[in-house]
Asker: 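Before we start, here is the structure in question, set down as structure tokens.
Computed over heavy atoms, backbone and side chain alike; hydrogens, waters and symmetry mates excluded.
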Amino acid sequence: MKNLKCTACGLVNFSSAGECRRCGVALAECAGEGAEEAPRRRSLKRRALAGVVLSLFALIGFYVSLLETSEGANLDQRVLVRRAVDLIEDSGLTRDAFLLRRLANYRTTDNWWNRYVGHGEAYAATNFPFEIITLYPQFFDTATDDTERAVILLHEARHLAGGGEEEACASVWRDKWRLGWTKERYGGTRVWQNVSEYTRRHAPQLFTCGQDGAQDCADIAEAKK
């Protein structure tokens, strides 16, 4: 027989002992308490496991519903996406390229959740953490070339990584030069105007440099390199 541990003081006693030799508690009662505790612990573990499994099935069901209520990109659209992602990778932003190429699922119409929350006049939208990117007609038609589409996708890649709107706007604005997306070349495009206005709204701290305190800090920092 196994030795008995006293539940009152913790002393381990011989199995033949009737009571704890330290505190005098009846060891028969301790044995009964220990026998009841094990099934209780097993029951709690099973409940926790069941909760995890149910949560997993709920997430999978939600993900499938997002795909089923939207349309995927066609071949021509996927080619444009691939070319933009290639530009991101060639610029040295390999983590963003990996997320966009390996994890993202591209759709071209709103799923039920996007329709519910709305998206305004966006070029694209990301459903995190499901890694679904919805590309709207403006992404294909308004963007002037692969570089501008790469800028839009770079913003969504930052969302794929879990970044919020301020972080995505600020980091993409700082990295835009790596893609060759500069004011000198693209300052007159619709995408430049939209993105710059959106960035000023969500990351105004990037436009407080210069003598007048109203110039683009990213451009000034890049000019000093």
Asker: By the salt bridge (charged side-chain N to carboxylate O under 4.0 Å, His left out) test, which pairs, at least two apart or in different chains, include something from residues 186-211?
Answerer: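 Qualifying pairs, neighbours excluded: none.
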Asker: Answer yes if the side chains of Glu167 and His202 hold a donor-acceptor pair under 3.5 Å, and no otherwise.
Answerer: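 Absent: no donor and acceptor within the cut-off.
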Asker: Give me the atom names and distance for the closest heavy-atom approach of Ala203 to Glu166.
Answerer: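 For Ala203 versus Glu166, the nearest heavy atoms are CB-O, 4.4 Å.
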Asker: Of all the heavy-atom pairs spanning Leu67 and Arg107, show the shortest one and how long it is.
Answerer: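 Taking every non-hydrogen atom into account, O-NH2, 3.0 Å.
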Asker: For a quick test of reading the model, state the closest non-hydrogen atom pair linking Arg158 to Asp175 and the distance between them.
Answerer: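 Result for this residue pair: NH2-OD2, 3.0 Å.
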Asker: So how far is it from Arg174 CZ to Cys169 SG, rounded to the nearest 0.5 Å?
Answerer: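 Separation between the atoms: 11.0 Å.
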Asker: Using every non-hydrogen atom in the two residues, find where Gly180 and Arg185 come nearest and quote the distance to one decimal.
Answerer: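 The pair with the smallest heavy-atom distance is O-NH1, 3.4 Å.
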Asker: Under 3.5 Å, side chain of Tyr106 to main-chain N/O of Leu100, donor-acceptor pair present?
Answerer: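 Yes; judged by distance alone, with no hydrogens or angles, the pair exists.
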Asker: List the atom of Glu148, the atom of Trp192, and the distance in Å for their closest heavy-atom pair.
Answerer: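 Here Glu148 and Trp192 meet closest at OE2-N, 4.1 Å.
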Asker: What do the steps show when you test Arg149 against Leu135 for side-chain contact (heavy atoms from CB on, under 4.5 Å), and what is the final call?
Answerer: CA-CA 10 Å; Arg149 281 185 279 270; Leu135 302 173; over 6 Å; no
Asker: Is the count of non-hydrogen atoms from other residues, nucleotides or ligands lying under 6.0 Å from Gln193 atom CD greater than 12?
Answerer: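 Atom CD in Gln193 is packed in, count exceeds 12.
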Asker: Roughly how far apart are Leu153 CG and Leu80 CG, rounded to 0.5 Å?
Answerer: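 Between atom CG of Leu153 and atom CG of Leu80 there are 10.0 Å.
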Asker: Are Val151 and Tyr136 connected in the hydrophobic side-chain network, where two residues link if heavy atoms are under 4.5 Å apart?
Answerer: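 No, because Val151 and Tyr136 fall into different hydrophobic clusters, even though each may have its own neighbours under 4.5 Å.
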Asker: Indicate whether any N or O donor in one side chain lies under 3.5 Å from an N or O acceptor in the other, for Ser65 and Trp112.
Answerer: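 Looking only at side-chain atoms, Trp112 and Ser65 do form a donor-acceptor pair, the distance falling under 3.5 Å.
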Asker: Within this structure, what is the CG-SG distance for the pair Asp216 and Cys209, rounded to the nearest 0.5 Å?
Answerer: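 Rounded to the nearest 0.5 Å, the CG-SG separation comes out at 8.0 Å.
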Asker: Do Asp96 and Arg178 meet the salt-bridge criterion of a basic N to acidic O distance under 4.0 Å?
Answerer: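 No, no charged N to carboxylate O under 4.0 Å.
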Asker: What closest approach, in Å, do Ala97 and Ile88 show between heavy atoms, and which atom pair accounts for it?
Answerer: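 Looks like N-CG2, 4.0 Å.
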Asker: Given the rule that I, L, V, M, F, W and Y join up when any side-chain heavy atoms are under 4.5 Å apart, are Val81 and Leu87 in one cluster?
Answerer: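 Unlinked, Val81 and Leu87 end up in two clusters.
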Asker: Sorted by first residue and then second, give each salt bridge (charged side-chain N to carboxylate O under 4.0 Å, His left out) pair with at least one member in residues 77-89; sequence neighbours left out.
Answerer: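 Qualifying pairs, neighbours excluded: Arg83-Asp146, Asp86-Arg101, Glu89-Arg101.
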Asker: Check the surroundings of atom CD in Gln205: do more than 12 heavy atoms from other residues, nucleotides or ligands lie under 6.0 Å from it?
Answerer: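 It does: Gln205 CD has more than 12 such atoms within range.
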Asker: If you measure only the distance, is there a donor-acceptor pair under 3.5 Å linking the side chains of Asn127 and Tyr63?
Answerer: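 No - no donor-acceptor pair under 3.5 Å links their side chains.
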Asker: Could you tell me if the ring centre of Phe62 sits under 6.0 Å from that of Phe130?
Answerer: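 Yes, close enough.
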Asker: If two hydrophobic side chains count as joined below 4.5 Å and joins carry through other members, does Val64 share a cluster with Ile132?
Answerer: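 No, Val64 and Ile132 fall in different hydrophobic clusters.
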Asker: Measure the CG-CD1 distance between Leu99 and Ile133 for me, rounded to the nearest 0.5 Å.
Answerer: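 Taking CG in Leu99 and CD1 in Ile133, the distance rounds to 9.0 Å.
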Asker: Indicate yes or no: at least one non-hydrogen side-chain atom of Thr182 is less than 4.5 angstrom from one of Lys176.
Answerer: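 Answer no - side chains too far apart.
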Asker: Can you hop from Trp177 to Leu154 via hydrophobic side chains spaced under 4.5 Å?
Answerer: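 No, it is not one cluster - the side chains of Trp177 and Leu154 are not joined through contacts under 4.5 Å.
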Asker: Can you check side-chain contact (heavy atoms from CB on, under 4.5 Å) on His155 and Ile152, steps first, answer last?
Answerer: CA-CA 5 Å; His155 182 97; Ile152 295 168; 5.8 Å; no
Asker: List the residues meeting ring-ring contact (aromatic ring centres under 6.0 Å, His included) with Trp113, not counting sequence neighbours, and say none if there are none.
Answerer: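 Trp113 satisfies ring-ring contact (aromatic ring centres under 6.0 Å, His included) with Tyr116 once adjacent residues are dropped.
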Asker: Hydrogens and angles aside, do Thr126 and Glu156 bring a side-chain donor and acceptor to less than 3.5 Å of each other?
Answerer: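 On atom types as modelled, these side chains qualify, holding a pair under 3.5 Å.
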Asker: For the CG atom of Leu206 and the OG atom of Ser171, what is their distance to the nearest 0.5 Å?
Answerer: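 Leu206 CG to Ser171 OG: 9.5 Å, rounded to 0.5 Å.
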Asker: Using the benzene-type ring in the case of Trp, are the ring centres of Tyr198 and Trp173 under 6.0 Å apart?
Answerer: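 No, the ring of Tyr198 stays outside the 6.0 Å limit from the ring of Trp173, centre to centre.
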Asker: Nearest 0.5 Å please: distance from the CG atom of Leu160 over to the CD atom of Glu131.
Answerer: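 Answer rounded to 0.5 Å: 4.5 Å.
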Asker: Does either side chain, that of Thr134 or that of Asn114, offer a donor lying less than 3.5 Å from an acceptor on the other one?
Answerer: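 Indeed, the side chains of Thr134 and Asn114 share at least one donor-acceptor pair under 3.5 Å.
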Asker: Assess the residue pair Tyr186 and Asp145 against the criterion (side-chain contact (heavy atoms from CB on, under 4.5 Å)); give the C-alpha distance rounded to whole Å, side-chain angles, the decisive distance to 0.1 Å, and a yes or no.
Answerer: CA-CA 10 Å; Tyr186 294 93; Asp145 58 15; 2.7 Å; yes
Asker: Are Phe128 and Val117 connected in the hydrophobic side-chain network, where two residues link if heavy atoms are under 4.5 Å apart?
Answerer: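 Unlinked, Phe128 and Val117 end up in two clusters.
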